[in-house]
Every structure is written in C-alpha cells, then in structure tokens.
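Data block below; observations after.
Both ligands and their constituent atoms are indexed starting at 1 by order of listing. Counting begins at 1 with the first residue of the sequence. Just so it is clear, the structure is predicted and the values come from calculations on it, not from any experiment. Quick note: numbers below take in every heavy atom, side chains included, and nothing from hydrogens, waters or symmetry partners.
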Amino acid sequence: MIERTLVLLKPDAVQRALVGEIVSRFERTGFKVVALKLCYASKETAGQHYADDQAWLKSVGEKTKKSYEAKGISVKDDALTIGNRIRQQLMDFISMSPIVAVVLEGHDVIGKVRIMCGDTAPNKSAPGTIRGDFAFDSYGLADTSGRPIQNLIHASDSVESAKREIAIWFKESEIHPYQRVDEALLYRKM
Ligand SMILES: Nc1ncnc2c1ncn2[C@@H]1O[C@H](COP(=O)(O)OP(=O)(O)OP(=O)(O)O)[C@@H](O)[C@H]1O
Ligand SMILES: [Mg+2]
C-alpha cells in the first residue's frame with residue numbers, strides 16, 4: 001500500500017550535520033520526499049507531537065523499565081510516571097534547536113523506515129540502521145544525564161500516527177505530490 005510517514009530529524013541529527021546522510025538513505029531506498037523543512041518546534045507543537053496520551057506514555061515507561069530489568073536493576077516508578085517524565089524531557093529537547101521535518105511517501109514506507117531507524121536505544125540498534133551507525137546513546141546514559149535518548153530520528157509507527165503527526169507539522173499546501181521518473185520502474189507491472 002502506498003503510505004506516507006512523518007520523519008523528524010531531531011536536534012542531535014541537525015547539530016551533528018547528519019541531515020543529508022539520513023535523507024539520502026531514504027532517497028536511495030526509493031522513497032519519495034513529498035515535504036521537507038528546517039524549523040523550530042514550538043513548545044505547543046512539541047506537546048502535540050509527544051501527546052499527553054496514556055497508552056503512549058505507558059509504553060515508553062514500560063520499555064524503559066524492561067531495559068533496566070534486563071540489567072537486573074529494579075525501577076520503583078510506575079510506567080506512567082516514567083513516561084510523563086520522558087515526555088517533558090522530549091518536549092524540551094525537540095524545541096531546543098532546529099529540526100528537519102520530512103514527509104516520505106512510498107509502498108509500505110512506515111514499516112520500512114522504522115526498520116531503517118533501528119532500535120530506540122542506539123546502543124542496541126543494529127549496524128546498518130541509522131541509529132546503529134550514527135549513535136551510541138542508551139537508556140542508562142540518557143537517564144543518568146536527565147535527558148531523552150539522543151537517537152537522531154523520529155518516524156511514525158502506524159498509519160494512524162502518521163496521519164496525526166503529518167497534520168501537526170505540515171499544512172496541506174506544504175506537501176507536494178509529484179511523479180518521479182524512476183517510479184515507472186519501482187512500481188512496474190509486467
Ligand atoms: N527512558 C528513557 N530515557 C530517555 N529518553 C527516552 C526514554 N525512553 C524513551 N525516550 C525517548 O523518547 C522517544 C520516544 O520513545 P518511543 O518509545 O516512542 O521510541 P521510538 O518510537 O523508537 O522513538 P520515536 O518515537 O522518537 O521514533 C525515544 O526516541 C527517545 O528519544
Ligand atoms: Mg515512538
């Protein structure tokens with residue numbers, strides 16, 4: 001299915017001059033850039049993106065707890081408390097310096113881009129993935145430093161989140177559908 005996904009190159013990606021490198025990986029795969037801009041995230045936009053949504057907050061907290069438990073460290077805070085703390089950190093982090101927002105289009109683009117990003121924690125991301133190749137941060141290092149994991153990139157995780165997130169970052173008039181010359185080959189029918 002032809003889908004669209006939202007990619008954010010977070011402040012660490014822009015500060016480390018990895019914008020071209022990351023975008024080019026998606027282009028090389030065959031995905032089409034239909035919107036792209038460098039911008040500052042306002043606190044309001046950051047709050048919409050990292051929504052005050054119980055299910056998401058809990059899942060972020062659960063993942064964190066699991067990563068600690070895997071190391072034999074018990075965590076006393078519940079998942080929701082952890083999730084809320086991380087949400088605040090993410091809102092501050094993403095608005096601290098410019099980010100690049102991108103909409104990519106292509107067949108099954110949502111899932112493939114998540115695979116290309118790698119695991120949330122770069123110290124566990126496979127080589128060949130964006131986080132695995134360009135970052136080494138971990139839950140432990142981030143938490144002891146009181147900041148979000150610096151993992152360079154955000155990518156929508158489902159059709160529903162892509163729809164919601166694209167609408168937060170882009171007006172309809174900023175998204176540009178067009179035909180690329182190689183699409184005749186990429187979507188070729190025999
Ligand atoms: N325990 C934690 N400590 C610090 N930062 C965290 C922690 N857990 C999550 N984060 C940050 O919150 C972001 C969102 O967490 P989530 O579980 O949704 O991961 P993700 O889906 O891989 O990443 P993203 O939503 O940014 O694509 C992570 O990318 C990371 O930057
Ligand atoms: Mg996520």
Side-chain angles (χ1 to χ4, degrees), residues 3-16 18-19 22-23 25-26 31 41 43 45-71 73-97 99-104 109-126 128-166 168-169:
E3 300 170 338
R4 284 182 178 174
T5 195
L6 178 85
V7 163
L8 297 180
L9 306 184
K10 299 185 197 179
D12 45 337
V14 177
Q15 294 290 338
R16 293 186 52 209
L18 290 170
V19 173
I22 295 172
V23 173
R25 287 187 175 213
F26 298 128
F31 294 130
K43 277 277 151 65
T45 309
Q48 285 177 307
H49 179 82
Y50 292 114
D52 191 3
D53 170 74
Q54 300 267 312
W56 177 70
L57 293 168
K58 273 190 188 157
S59 91
V60 170
E62 289 297 348
K63 275 206 254 177
T64 303
K65 278 175 92 95
K66 273 196 194 128
S67 93
Y68 274 97
E69 278 154 17
K71 285 188 179 165
I73 305 166
S74 72
V75 181
K76 62 172 169 25
D77 287 337
D78 60 56
L80 194 58
T81 307
I82 298 170
N84 269 306
R85 186 166 61 232
I86 291 161
R87 176 173 183 254
Q88 284 307 319
Q89 292 174 356
L90 282 167
M91 285 163 62
D92 289 340
F93 178 63
I94 204 156
S95 47
M96 72 181 239
S97 78
I99 60 163
V100 171
V102 187
V103 179
L104 295 171
V109 67
I110 297 170
K112 175 75 177 183
V113 166
R114 294 279 293 186
I115 294 168
M116 291 172 75
C117 288
D119 194 276
T120 304
N123 68 327
K124 300 276 187 223
S125 309
T129 65
I130 292 162
R131 289 163 170 171
D133 283 351
F134 300 113
F136 57 75
D137 207 7
S138 66
Y139 281 97
L141 184 57
D143 288 355
T144 51
S145 313
R147 58 161 174 76
I149 297 172
Q150 294 179 165
N151 55 11
L152 303 167
I153 186 165
H154 163 85
S156 309
D157 60 11
S158 65
V159 173
E160 301 72 47
S161 10
K163 212 170 161 214
R164 187 186 78 82
E165 292 169 1
I166 290 168
I168 294 169
W169 293 94

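- A salt bridge does not link Arg164 with Asp53: every distance from a Lys NZ or Arg NE/NH1/NH2 to an Asp or Glu carboxylate oxygen is 4.0 Å or more.
- Protein heavy atom in closest approach to atom 16 (P) of ligand 1: Lys63 NZ, 3.7 Å.
- Taking both residues in full, the closest heavy atoms of Gly111 and Glu3 are given as N-OE1, 4.5 Å, listed atom of the first, atom of the second, then distance.
- Relative to atom 22 (O) of ligand 1, the option among Ile82, Asp143, Thr120 with the closest non-hydrogen atom is Thr120.
- Neither the backbone nor the side chain of Cys117 comes within contact range of ligand 1; no heavy atom lies under 4.0 Å.
- Listed here is the closest heavy atom pair of Pro11 and Ser97: CB-OG, 3.4 Å.
- For Arg114, every heavy-atom contact with ligand 1 shorter than 4.0 Å involves the side chain, none the backbone.
- Crowding of Lys112 atom NZ: a count of heavy atoms from other residues, nucleotides or ligands under 6.0 Å not exceeding 12.
- A side-chain hydrogen bond (donor to acceptor under 3.5 Å, both in side chains) with Glu165 is found for one member of His154, Arg4, His49 and no other, namely His154.
- Looking from atom 10 (N) of ligand 1 to the surrounding protein, the closest heavy atom is Ile86 CG2, 3.6 Å.
- Side-chain atoms of Thr45 do not come within 3.5 Å of backbone N or O of Ala41 as any donor-acceptor pair.
- Looking only at heavy atoms of the protein, atom 27 (O) of ligand 1 is closest to His154 ND1, 3.1 Å.
- What sits closest to atom 9 (C) of ligand 1 on the protein, heavy atoms only, is Val60 CG1, 3.7 Å.
- Using 4.0 Å as the threshold, Arg131 has a heavy atom nearer than that to some atom of ligand 1.
- Within the 4.0 Å heavy-atom criterion, the part of Asn151 lying near ligand 1 is the side chain and not the backbone.
- Although no hydrogens or angles enter the test, the distance criterion places no donor-acceptor pair under 3.5 Å between the side chain of Asn123 and the main chain of Phe136.
- Ligand 1 lies less than 4.0 angstrom from a heavy atom belonging to Trp56.
- Those atoms of ligand 1 that come under 4.0 Å of a heavy atom in Pro148, given as number and element, are 4 (C), 5 (N).
- Residue-ligand proximity, Ala155 to ligand 1, at heavy-atom distances under 4.0 Å covers atoms 27 (O).
- Across Ser161 and Ser158, no two heavy atoms sit closer than the pair OG-OG, 2.6 Å.
- Here the shortest heavy-atom pairing between Asp12 and Leu152 reads OD2-N, 2.9 Å.
- For atom 11 (C) of ligand 1, the choice among Ile153, Leu90, Ile94 with the nearest heavy atom turns out to be Leu90.
- Short contacts between ligand 1 and Lys10, defined as distances under 4.0 Å to a heavy atom of the residue, involve ligand atoms 26 (O), 29 (O), 31 (O).
- Ion pair Asp137/Arg147 flagged as a salt bridge, since at least one NZ, NE, NH1 or NH2 atom sits closer than 4.0 Å to an Asp/Glu carboxylate oxygen.
- Distance from atom 1 (N) of ligand 1 to its nearest protein heavy atom, with residue and atom name: Thr64 OG1, 2.9 Å.
- Counting the atoms of ligand 1 from 1 in the order shown, those under 4.0 Å from a heavy atom of Arg147 are 4 (C).
- Atom 31 (O) of ligand 1 has Ile149 O, 2.9 Å as its closest protein atom, hydrogens excluded (heavy atom only).
- Within a 6.0 Å sphere centred on NZ of Lys58, other residues, nucleotides and ligands contribute 12 heavy atoms or fewer.
- Not close to ligand 1: Gln150, with no non-hydrogen atom less than 4.0 angstrom away.
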